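Not measured: the values here are computed from a predicted model.
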Amino acid sequence: MTSEQITNTGSVSGDCGSAQARARTHVQAYVQTQARQNGSAKDGSATNGPARNDSAKGGPSGQKHGLQRCHAMLRPASRHALLPWLTSIIGVASALCLVIAWFPSTVWNTPIVSSDAPAHYYFIHRLLDEGLGAALHLWPHDSFYPPLFHICAYLVIKIAALFGVQCSIYAAFNITWIIASGVIFPAGMLVLCRYFLQRWNRGNPISNPISRISQASSTPESSSVSESSNISNQQVPSAGNRQYDAASDATFVLRNLIGLFVPVLAVSSVCHPYGLLNAGPLIAFGFATSLLPFLIAATLRLFDAIAAREHIAKWLAITAVAGVVCLVAHPRIAFTYALILVPFIVLRLPWKLILGAFIAMCVGAVAFVALMLTSFKSDRWANPDSWFHSHQPSKNLWESISFCLTDGLDGFPAILFALLLIAGTAAAFVCASRRAAARASDSFSSAASTVVPVASADVDVDASTSDIAVSVSCPPPASHSNATDAASASSESSRLRRNDRLRDVIALTAAFLLVALVYVCTVTLVGALPNIISAPWYRDENRIMTMLPLVTLPLLVIGINALAECVSACAASASFAPSASSFSTKNSASSVPSLSSASAVSSVKNASFASNWIVLIAVFLVIAILAVSAQIVCPSRSAARDTIIAHSSLNQSDPNEQLTEQKIAVLRKVTKRTGTQATIISDPLNGSMYAETLFNANMLYPIINARTDVPSAPFGKVETAFASGDAQQVLGTVCPLTDAPEYFLTMGDQAQSLQSFPYRAQYDSFHNEELIDTYVDGGTLVKVADYSQYGQGWALYRFGCTD
C-alpha cells in the first residue's frame, strides 16, 4: 500500500472520528437546551422555532447526516487500504509457489555439481566453523567475498537448530535461494512497478471528459443564484462526484489487478532467477539482483524528494542502507544499478546533481579498472579486441533483439508479451504527450484568469455551517487526492509542473534500450567495443539477462495502464460529444443548470462508468492469459531445471566427472580414515573438493579457483613445490601447513565439465602419474589406501612428514 493511500485512509478515519465526537457534543447540548426550554415554556410552540434553528445550525439532524456521510466514506477508504495488501500477498504467494514448484528436488541432499557451487558451499561451511567473524574473509586465502547470501544460509541453519531441526548446508543454501527468488525479488518488483503506477495515475481519473462536464456544471456563475436554484444546482456536482469516484475506483482496481500479476510475471522468465542457479550457480550476483528493485525504488523516491525539497534526509538514508545491503550481496551489481538509473538521473535531477552523479560514476569506473589491472595479470589489457578471446556468440541479431522484447519467455506468451510491451509503450508516449500539452494549456489558462469560488451572499451561512464542516472533515477519497494535487500545484505556481509521465516513459524506454544494447553486444557482436561495453558483467549472458525484468516489467505495466486509459477515454469521448453539445444548448439561455442538464451529465457518466469497468475486465483477462500461459509454455525454464537435475545426479556416464557414486564412496572412506583434522591435498577439478561439505573433510583445495597470486595463500607454494620434483622442497612446503598429518588423494583426470576453467593447468602436476610414482619411490608419499576397484590409479597417500 502506498504512503499516499495510507495518508488518505488515516485522514478519512481521523476526520470522521472527530466528526462523531463533535456530533455527540452537539446532541448533548441540544438535549440540555431542549430540557431547559420545555421547563420554562407555557406551550409547545415556544420550542418549535429554536428547535428548527438549532437543526439548521447543526442540530441532531444535521450531525446525523454528517455521520452517515462519514460512515459511507469509511467503507471505500477501508477497501482502498486493504486491497493493495491483499493483492500483494496473493501475488507474492503465487510467485513463491511457482518457484517452489520449479525447484529441483534432487539438490536437497546432494550438491549442485558445477563450477561455482563448491565455493558457495564452502563459504557457508566456513561460517559454521569459525562464526560470523569469517564473513569478511571467506576465501581460503582469507580475502573478501560478498557474504550476504552465505550469512543468510548460516542464519537458516542456526534458527533451525533452535527448534531442534538439523539443517544441512545444501538445504540452507536452497531455502535461502527460494526466499530470495520467490519472495524478495517478486516483492521488490511489485514495489518498483507500484511506484511507477502511482506516479502515472496520480491525480488522474480515467474519464477526463466526464470531469470536464462536472466542472462545467458547477461554474461560479451558476452558484450566484437564489437559494432555491442553489439547492437544485448542488445536485449536479453531487451526482458528478459519485460517478467521479466510481471512475477513480476503476483506476484503483486496475492498478491493483496489474500489481497482482507483477510478482507472477517477475518469476515467469528464465532471465531471473532460474538462469543464475543453472549458470555456476551465480548465487551472490543473483541474490544482489533480487534485492536491486528495492534500491532502485528507494533511489527514485529520493529523486522525488529532491524535486519536492522535502523528506530528502529520510530517503537519502533509506537509499544508502539499501545500497550498502546490495553491495554486501555483490558489489558488481552497482553496474546494473548505474546502467538502469542513468536515464532517470539525466531526466529528473538538477544539473549539478547530474554532474556529481556522473563524476561519481567515472571515479567508480576508474577504481574498477585499477582493481582489474592489479588483480588479474594479463598481457592483453591494451588490446580490447583480444579480451574474452574464448567467447563465442550464441544468438544472431534478431534472436537477441526478440529475446529482449519477450523478456526471455517462450512461444505464445513471448509473442503476447512483446505485443503488449510495444503497444503499451506507444500508448504511454501518446498519453504522456497529450497530458503534457493539456497541462501546458491549463497552466496558460490559469495564468490568464484565476477563478476562486466564494460563498454566495444569498446563501444562509448559518444553515450551511454544519454541512460545510462535515464536507471538510469527511472528503471522499477522490476529492482528497484532488485537494492534495491542488495544494502541490499552488506551491509550484511560479513554474510549470513537471510532466512526470513523459519523463518516466522516456527514462524507462531508454533504460530498456541500454540493457538491450549490452545484451546484444554480449550474445551477438564481437570486437573491441562489445568487449568494453559488456566487460563489467564478464561478458556473461546470464548476468546480463537478469537486467531485462527490471526494465521490461515496469514498462509493461504502465503501458497496459496507458492502453486501458486510451480505450476508456475513446469510449468516454464518444458519449461526451453529443451530451456536451446538448448541455451547452440547454445552458445558453440561462446560467443556471437545470435538472435536465444534471440528468444529461449523469447519463454521460453512467456510460463512462460502464466503459471503465469493461476496459478493466478486458485488461484483467489479457494479463491473466499472459501470466497463466507463461507457466504452461516454458521450455526454457524446464531446460534449466533439467540441467540442474543432471548436474546433481550421481549416475554419470563419465567416471571422471566431478561427482559419481564411486567418488562419493571413495570420499566417505577417505574421510573416515584421515579424520576431519588432517589436511588432504588433491586436484580439486576431479571432484575431491566436495568432501569438505559432504563429509566435513579438511581439503586444502575446497574450491576450484585456488588463486596463486595472493601471498597469504598456500596454494601456489604447494603447487610449485609438487611440480618441482624435489622431495625436500615438497616436504618443506607441505609439512608445516598444519600440526595434523597431510595426505594426498588421486581420483583420476579432471572432469570434462570443468574444462572451461581458465586456470585448470595449474593442477596438472596433481594427476601426473609419473611424478607421483617418483615421490612414492623416494618415500615422499606413502600409499595408505588403494581404491583401484573404483577407478584406475585411485589411491590415498600420506606425506612422509615426521609427526
Next on the checklist: Do L694 and Y170 have side chains that approach each other closer than 4.5 Å (heavy atoms only, starting at C-beta)?
Outcome noted: yes
Next on the checklist: Set out, in order, the CA-CA distance, both residues' side-chain angles and the distance that settles side chain to side chain donor-acceptor pair (under 3.5 Å) for D749 and H767, then state yes or no.
Outcome noted: CA-CA 6 Å; D749 296 331; H767 52 263; 5.1 Å; no
Next on the checklist: Contact between T336 and L550 at the side-chain level, heavy atoms closer than 4.5 Å - yes or no?
Outcome noted: yes
Next on the checklist: Suppose we call two aromatic rings close when their centres sit under 6.0 Å apart. Are F303 and F344 close by that rule?
Outcome noted: no
Checklist entry - Do any pairs count as a side-chain hydrogen bond (donor to acceptor under 3.5 Å, both in side chains) and have a residue in residues 275-292, sequence neighbours left out, and if so which ones? => result H272-S290
Checklist entry - Side chain of D407, backbone of F417: donor and acceptor closer than 3.5 Å? => result no
Checklist entry - What do you reckon, is NE2 of H391 surrounded by more than 12 foreign heavy atoms closer than 6.0 Å? => result yes
Next on the checklist: I'd like to know if the side chain of R760 and the backbone of Q755 have a donor-acceptor N/O pair within less than 3.5 Å.
Outcome noted: yes
Item to check | 4.5 Å side-chain heavy-atom contact, Y154 and P147 | outcome: no
Checklist outcome for this item: The single option from H330, H120, H125 that satisfies ring pair (Phe, Tyr, Trp, His ring centres under 6.0 Å) with H150 is H120
Checklist entry - In terms of heavy-atom contacts, does OH of Y759 have more than 12 from other residues, nucleotides or ligands at under 6.0 Å? => result no
Checklist entry - Do the side chains of R641 and Y274 get nearer than 4.5 Å, heavy atoms only? => result no
Checklist entry - Is any side-chain heavy atom of P146 less than 4.5 Å from a side-chain heavy atom of V328? => result no
Checklist entry - Quick one: does D726's side chain get under 4.5 Å of V730's, heavy atoms only? => result no
Item to check | Of F173, W177, Y121, the residue whose pairing with F149 passes ring pair (Phe, Tyr, Trp, His ring centres under 6.0 Å) | outcome: F173
Next on the checklist: When you compare the side chain of I680 with that of Y701, does any pair of heavy atoms fall below 4.5 Å?
Outcome noted: no
Item to check | N/O donor-acceptor pair under 3.5 Å between T406 side chain and F403 backbone | outcome: yes
Item to check | Spacing of CE belonging to M361 relative to OH belonging to Y337, to within rounding of 0.5 Å | outcome: 8.0 Å
Next on the checklist: Is it the case that over 12 heavy atoms from other parts of the model lie below 6.0 angstrom from the CD atom of Q728?
Outcome noted: no
Item to check | side chain to side chain donor-acceptor pair (under 3.5 Å) assessment of N698 paired with Q677 | outcome: CA-CA 6 Å; N698 182 21; Q677 300 300 318; over 6 Å; no
Next on the checklist: Within this structure, what is the CG-OH distance for the pair L282 and Y538, rounded to the nearest 0.5 Å?
Outcome noted: 10.5 Å
Checklist entry - Are the side chain of N656 and the backbone of A751 linked by a donor-acceptor contact shorter than 3.5 Å? => result no
Item to check | Qualifying salt bridge (Lys or Arg N to Asp or Glu O under 4.0 Å) pairs, either residue in residues 117-141, two or more places apart | outcome: R126-E130, R126-D142
Item to check | N-O pairing of D304 and R348 below 4.0 Å | outcome: yes
Next on the checklist: Between T679 and T738, is the side chain to side chain donor-acceptor pair (under 3.5 Å) condition met? List the steps.
Outcome noted: CA-CA 7 Å; T679 302; T738 62; 3.3 Å; yes
Checklist entry - Would you say the side-chain atoms of S181 pair up with the backbone N or O of I178, donor to acceptor, closer than 3.5 Å? => result no
Checklist entry - Would you say the side-chain atoms of S688 pair up with the backbone N or O of S682, donor to acceptor, closer than 3.5 Å? => result no
Item to check | Candidate pair S753 and Q658, rule side chain to side chain donor-acceptor pair (under 3.5 Å), full reasoning | outcome: CA-CA 8 Å; S753 59; Q658 296 182 59; 3.0 Å; yes
Item to check | R637 side chain to S268 backbone, donor-acceptor under 3.5 Å | outcome: yes
Checklist outcome for this item: Applied to residues 390-405, the salt bridge (Lys or Arg N to Asp or Glu O under 4.0 Å) test, sequence neighbours excluded, yields K395-E541
Checklist entry - Heavy-atom distance under 4.5 Å between the side chains of Q750 and N686, does that happen here? => result no
Item to check | Test item: R539 side-chain N/O and S534 main-chain N/O as donor-acceptor pair under 3.5 Å | outcome: no
Next on the checklist: Under a 3.5 Å distance rule, please check whether E692 uses its side chain to pair with a backbone N or O of M699 as donor and acceptor.
Outcome noted: yes
